[in-house]
Amino acid sequence: MELGDINERIAEILSAIADFLEMKGENIYRVMAFRKASRTISGLPKRIESKEDVISLPGIGKVIGDMVEEILKSGTASLYEELIREIPEGVREFQQIQGIGPKTAFSIYKATGASSLEELYELVITDRLRDFNELRGKTLEKVYSGIERALEKKRMLRLDQGFAVYLAVKDTLKTNPYVKDVVLVGGLRRGREINNDVDILLLTEDKDKVDSLLETKIEGYRIDIKLTTPETFFYDMFLYTGSKSHTSRLLELLENKKKFNSEEEIYNVLGFQYVPPEIREGLGEIELAKEHRLPNLISPTDLKGDLHIHSLWSDGTANILDMAFSCIKRGYRYMAITDHSGSLKVAGGLSPEEIREQHEELKMIENRLDGFTILKGIEVDILPDGSLDTPEDVLKELDIVIASIHTNFRMEEKEMTERIMRAISNPYVNILAHPTGRILLERDPYKVDMEKILRIAGERGVIMEINSSPERLDLNEVLIREGKRFGVRFAINTDAHSPLHLDNSLYGVITARRGWLEPKDVINTYDLDNLKEILGRRG
DNA sequence: GCCGTTTTCGGCCCGACTGTTTTCAGTCG
């Protein structure tokens, strides 16, 4: 069974080609060309039908255009087939180990013949990896110390991966005539950022006829299918969705009654307000539900815009106009273009001159967008000493300034806290983006006293971002709740680098719901005038 | 491999850090 559509397949092949060429020491610009094309294609909002759909895109020329055509026709590319004959697919996974890059990954394969993380792990636990003379010293240690985490990452599912697996399994299950319905339950339905399995409830009238389906597998992920009948369907949905601490108290009260017509009815017969899945964690929601005082949780349709968007001007894959059209299509009223600033060379950061040039383009574009507003913004880099890399006379001209850290992650807590404090004390900074810097399953948050940051942010009206990228989800639900107690307001942003990334706002909203946020806590639910007032207050 | 309104060839992507590397290659962000 395969996940995804043709765009993903093409992007995956191009990305693999880039990895293999890099391992072989090919010209790095050729490698980057494949990588960039892969990123562009994976971010396209429209299904690719022919070569013509890609050939005009930035960074895609004749060679990659022809390759796309080849993949559309045959499902694969000859260059890719050639490369995997030389280097097995699984060797790419070695790079998941911290400190192992393409060159070392390739040399591990050449030395040991291991062609997957599992095979490499086998050599590690039997301590045979040391027998290969080519691998010595710190490199060897890195493999020993990092491989378990890499394997764990391979099995764990982020929210987006979990949903994708669920949808794929659902499609398969539904082809069976005895399957009446398939629904998601468990931690994934509650919107947990990382899950070790996908819990699925399968409704059938004849349990014996669907036994074989319980073994459904997809790409090595753990899938846990539970059977239910029409009689107990909603009871089981409730039972398998909530955390233990949420369900156990309510189960006592239900006294074995199992027949309900909806999940809402379960709460209602007990005199409780309905509790949305995202907050069924046993963190005080039961008491509030009893008093009918649950928060009015934010929902995806409350969002009126996105305040963190990149374009081709820095490291985005689409131009400003295409990003604007995609926002308009989603029903948004505004967006902020916030490309990277000067010091972040690797992402094509903008100099003050380029920022002003961009504003010329924005002026021309805005005339073409009736009733839709583009805010002039920047994602300004916070330097190690907490100063910003863009002069204040440039920041002054902007509608919105979001500040973030992309370098020097490994500082001591005191230093890092002071660094961020100084940055958010700058009167031009409106939003602190991805405040803890974590990448799920890849990079820990930096050492920082978030309580202090949140308290000051609450006092001074600095907005905290909930970065919706499923790889970040930063802030997380715990820090969101803490921030809310300090009076912090939030922005649910996608940090989109392509039109498709705008869809990630769903993950941000889910995380905000898990943090008990209401629309009024989130500034991009406000209409433009109110938003501008908040953004203007600090400048 | 892609790109171009000075170019169809020669740039593009950069700085910090680390390791077994004593003058540089690999990794990371």
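Residue numbers start from 1 in every chain, and the chains themselves are labelled A, B, ... in the order their sequence lines are given, proteins ahead of strands. Quick note: numbers below take in every heavy atom, side chains included, and nothing from hydrogens, waters or symmetry partners. Please read these numbers as outputs of a predicted model, since none were measured by experiment.
Syn is the conformation of B/dT7, whose glycosidic angle sits no further than 90° from 0.
With C1' as the reference atom, B/dC9 and B/dG15 are 28 Å apart, rounded to whole Å. Atom name C1', nucleotides B/dT5 and B/dG1: the rounded distance is 23 Å, in whole Å. For the C1' atoms, the distance linking B/dT23 with B/dG19 amounts to 14 Å, nearest Å. For the C1' atoms, the distance linking B/dC2 with B/dT8 amounts to 12 Å, nearest Å. When the C1' atom is used for both B/dG11 and B/dT6, the distance is 15 Å, rounded to whole Å. Spacing between B/dT20 and B/dT27 at atom C1', rounded to whole Å, works out to 16 Å. B/dC12 and B/dT18 have their P atoms separated by 28 Å, with the value rounded to a whole Å. For the C1' atom pair drawn from B/dC3 and B/dC13, the interatomic distance equals 15 Å after rounding to whole Å.
In terms of position along DNA chain B, the nucleotide closest to A/Phe34 lies nearer the 5' end than the nucleotide closest to the other residue of the pair A/His406 and A/Phe34. Along DNA chain B, the nucleotide closest to A/Ile405 and the one closest to A/Thr139 are compared, and the more 5′ of them pairs with A/Thr139.
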The test is ring pair (Phe, Tyr, Trp, His ring centres under 6.0 Å); show your working for A/His308 and A/His497 and say whether it passes.
CA-CA 9 Å; A/His308 187 168; A/His497 286 70; 7.5 Å; no

Are A/His310 and A/His501 close enough, and set up right, to give a ring pair (Phe, Tyr, Trp, His ring centres under 6.0 Å), and what steps lead you there?
CA-CA 10 Å; A/His310 295 272; A/His501 286 166; 9.8 Å; no

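Pairing for B/dG29 is with B/dC14, a Watson-Crick or G-U wobble pair whose two hydrogen-bonding atom distances lie under 3.5 Å.
Every residue two or more places apart in sequence or in another chain was checked for a side chain to side chain donor-acceptor pair (under 3.5 Å) with A/Tyr334, and none qualifies. Qualifying side-chain contact (heavy atoms from CB on, under 4.5 Å) partners for A/Ser56, counting only residues two or more places apart in sequence or in other chains: none. For A/Glu82, there are no side chain to side chain donor-acceptor pair (under 3.5 Å) partners two or more places apart in sequence or in a different chain. Every residue two or more places apart in sequence or in another chain that forms a side chain to side chain donor-acceptor pair (under 3.5 Å) with A/Thr494 is listed here: A/Asp306.
Residues from residues 62-73 of chain A with heavy atoms under 4.0 angstrom of DNA chain B, sorted by number: A/Lys62, A/Val63, A/Ile64.
For the pair A/Phe20 and A/Glu86, the minimum side-chain heavy-atom distance is 4.5 Å or more.
At the heavy-atom level, A/Gln98 lies under 4.0 Å from the strands shown only through sugar-phosphate atoms. If you check every strand for non-hydrogen atoms under 4.0 Å, A/Ile28 touches a base. Residue A/Asn27 is classed as a base contact, given a heavy-atom separation below 4.0 Å to a base.
Environment of NZ in A/Lys46: crowded, with over 12 heavy atoms of neighbouring residues, nucleotides or ligands closer than 6.0 Å.
Residues A/Asp339 and A/Ser311 bring a donor and an acceptor atom of their side chains to less than 3.5 Å of each other. Side-chain contact check for A/Asn408 and A/Tyr446: no donor-acceptor pair (N or O, by modelled atom type) lies under 3.5 Å.
You can see that DNA chain B meets the heavy atoms of chain A within a 4.0 Å-exclusive cut from B/dG1 to B/dG29, reading 5' to 3'.
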